[in-house]
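This one's a predicted model, so the numbers in the text were calculated from it and none came from an experiment.
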Amino acid sequence: MASSHTVLMRLVASAYSIAQKAGTIVRCVIAEGDLGIVQKTSATDLQTKADRLVQMSICSSLARKFPKLTIIGEEDLPPGEVDQELIEDGQWEEILKQPCPSQYSAIKEEDLVVWVDPLDGTKEYTEGLLDNVTVLIGIAYEGKAIAGIINQPYYNYQAGPDAALGRTIWGVLGLGAFGYQLKEAPAGKHIITTTRSHSNQLVTDCISAMNPDTVLRVGGAGNKIIQLIEGKASAYVFASPGCKKWDTCAPEVILHAVGGKLTDIHGNALQYNKEVKHMNSAGVLAALRNYEYYASHVPESVKNALIP
């Protein structure tokens, strides 16, 4: 019976199914051809029909099943009736077969905060860079990110018409991360992944100080963390405000669950309690291995410019 499972594992199992539904919605919007693009604060800060529909789907589906959760989504949407077709009430049974880490077994619904980015990499989505796009559902307890789900709606999209599209990666601290193959970046190489559409002098200065062999410029925080855990990059460096808590909550868990580290540029852990400001104003620094190398190469001038 579902009641024999802990609140956390039931939430993760539900969020997995909800994220898969979200991936389907993202693909449907593209297939229908009308992205419904709205400019929010600038030409690089966009919202599409997919952002809106996915947020309604995720937040409404979670709230119906877990009414005491605090849910914080990226998009500021007016309240209203949600189409029944957007609701996902399933749960992924494989997750319920996993043991809940003992430190989280007594967590109550009202103790959890869920951070939702319905479409991470919206600008890339509008430009057809579909492998940059992810759906992010992060779960926090006592200010710490402890569980996360990343759906990649277009994983495999360049593998031909018969390839199965999309995948869902999930993780819980103390249990591990699943749904992908862990791989480390080439030893001795400094391959840095960073922003594609929000760069500035600080970002450039910080990366230069790390003596990179290669710099990858891609969209989406979720996408960059996947690059780290699949060996395509050795560090994610973003020395600028701009990234928000819903961008980092789920990806941070996936990275931490396999021994990586994500902090702000000063090395401070990010906080995810419901009262916290949404902006990661002191940037992001992350690595699967050798975090200390990258942290030690952040210039003082960059640190002084970014106030936590």
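- Residues P153 and N151 form a side-chain contact, since some pair of their non-hydrogen atoms from C-beta on lies under 4.5 Å apart.
- With N304 contributing its side chain and E300 its backbone, the two residues share a donor-acceptor pair below 3.5 Å.
- Within the 4.5 Å cutoff, side-chain heavy atoms of W246 are placed close to those of H278.
- Annotation for L255 and A286: closest pair CD2-CB, 3.8 Å, computed over non-hydrogen atoms.
- By the 4.5 Å heavy-atom criterion applied to side chains, K245 and N280 are counted as neighbours.
- Crowding of D76 atom CG: a count of heavy atoms from other residues, nucleotides or ligands under 6.0 Å not exceeding 12.
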Output a table of donor-acceptor pairs, distance under 3.5 Å, between side-chain atoms of residues 215-230 and any protein atom two or more places apart or on a different chain; print 'none' if there are none.
unit_1, atom_1, unit_2, atom_2, d
N223, ND2, G219, O, 3.1
K224, NZ, V218, O, 3.0
K224, NZ, G220, O, 3.2
Q227, OE1, T193, OG1, 2.5
E230, OE1, R167, NH2, 3.0
E230, OE1, K232, NZ, 3.4
E230, OE2, R167, NH1, 2.8
E230, OE2, R167, NH2, 3.1

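- The distance from atom NE2 of H5 to atom CG of L11, rounded to the nearest 0.5 Å, is 14.0 Å.
- Between atom NZ of residue K97 and atom CD1 of residue I95 there is a gap of 11.5 Å, rounded to the nearest 0.5 Å.
- Within the 3.5 Å criterion, the main-chain N or O of I58 finds no donor-acceptor partner in the side chain of S61.
- Residues passing the ring-ring contact (aromatic ring centres under 6.0 Å, His included) test with Y294 are H190, sequence neighbours excluded.
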Residues 259-268 side chain polar contacts: donor-acceptor under 3.5 Å, at least two apart:
unit_1, atom_1, unit_2, atom_2, d
T263, OG1, Y291, OH, 2.6
D264, OD1, H266, N, 2.8
D264, OD1, G267, N, 3.0
D264, OD1, N268, N, 2.9
D264, OD2, N268, ND2, 3.1
H266, NE2, K303, O, 3.4
H266, NE2, L306, O, 2.5

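- Partners of E32 under the salt bridge (Lys or Arg N to Asp or Glu O under 4.0 Å) rule, at least two apart in sequence or in another chain, are K49.
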Determine all donor-acceptor pairs shorter than 3.5 Å in which one atom belongs to a side chain in residues 64-71; sequence neighbours excluded.
unit_1, atom_1, unit_2, atom_2, d
R64, NH1, Q84, OE1, 3.3
K65, NZ, S14, OG, 3.3
K65, NZ, D89, O, 2.7
K65, NZ, G90, O, 3.3

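- Counting heavy atoms from C-beta on, the side chains of S240 and L202 never come closer than 4.5 Å.
- The shortest non-hydrogen separation linking P118 to V54 is O-CG1, 3.3 Å.
- Put simply, CD on Q47 and OH on Y125 are 12.5 Å apart, with the number rounded to the nearest 0.5 Å.
- Checked by atom type and distance alone, the side chain of T204 pairs as donor or acceptor with a backbone atom of N200 at under 3.5 Å.
- Between L112 and V7 the shortest side-chain heavy-atom distance falls below 4.5 Å.
- Here the CD1-CG distance, from I18 to L86, works out to 12.0 Å after rounding to the nearest 0.5 Å.
- Side-chain atoms of P212 and I191, non-hydrogen and from C-beta on, never get closer than 4.5 Å to each other.
- Applying the salt bridge (Lys or Arg N to Asp or Glu O under 4.0 Å) test to residues at least two apart or on different chains, the pairs with a partner in residues 186-213 are E124-R196, E127-R196.
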Going through the checks in order, is the side chain to side chain donor-acceptor pair (under 3.5 Å) test met by Y272 and T248?
-> CA-CA 10 Å; Y272 294 99; T248 51; 2.9 Å; yes
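- The structure places CD1 of I37 at 10.5 Å from NZ of K123, a figure rounded to the nearest 0.5 Å.
- Side-chain atoms of T24 and R27, non-hydrogen and from C-beta on, do get closer than 4.5 Å to each other.
- When atom types are taken as modelled, the side chain of D117 and the backbone of L136 share no donor-acceptor pair closer than 3.5 angstrom.
- I169 is connected to W115 through a chain of hydrophobic side-chain contacts under 4.5 Å among Ile, Leu, Val, Met, Phe, Trp and Tyr, so both are in one cluster.
- For K244 and E74, the salt-bridge test fails: no basic side-chain N is under 4.0 Å from an acidic carboxylate O.
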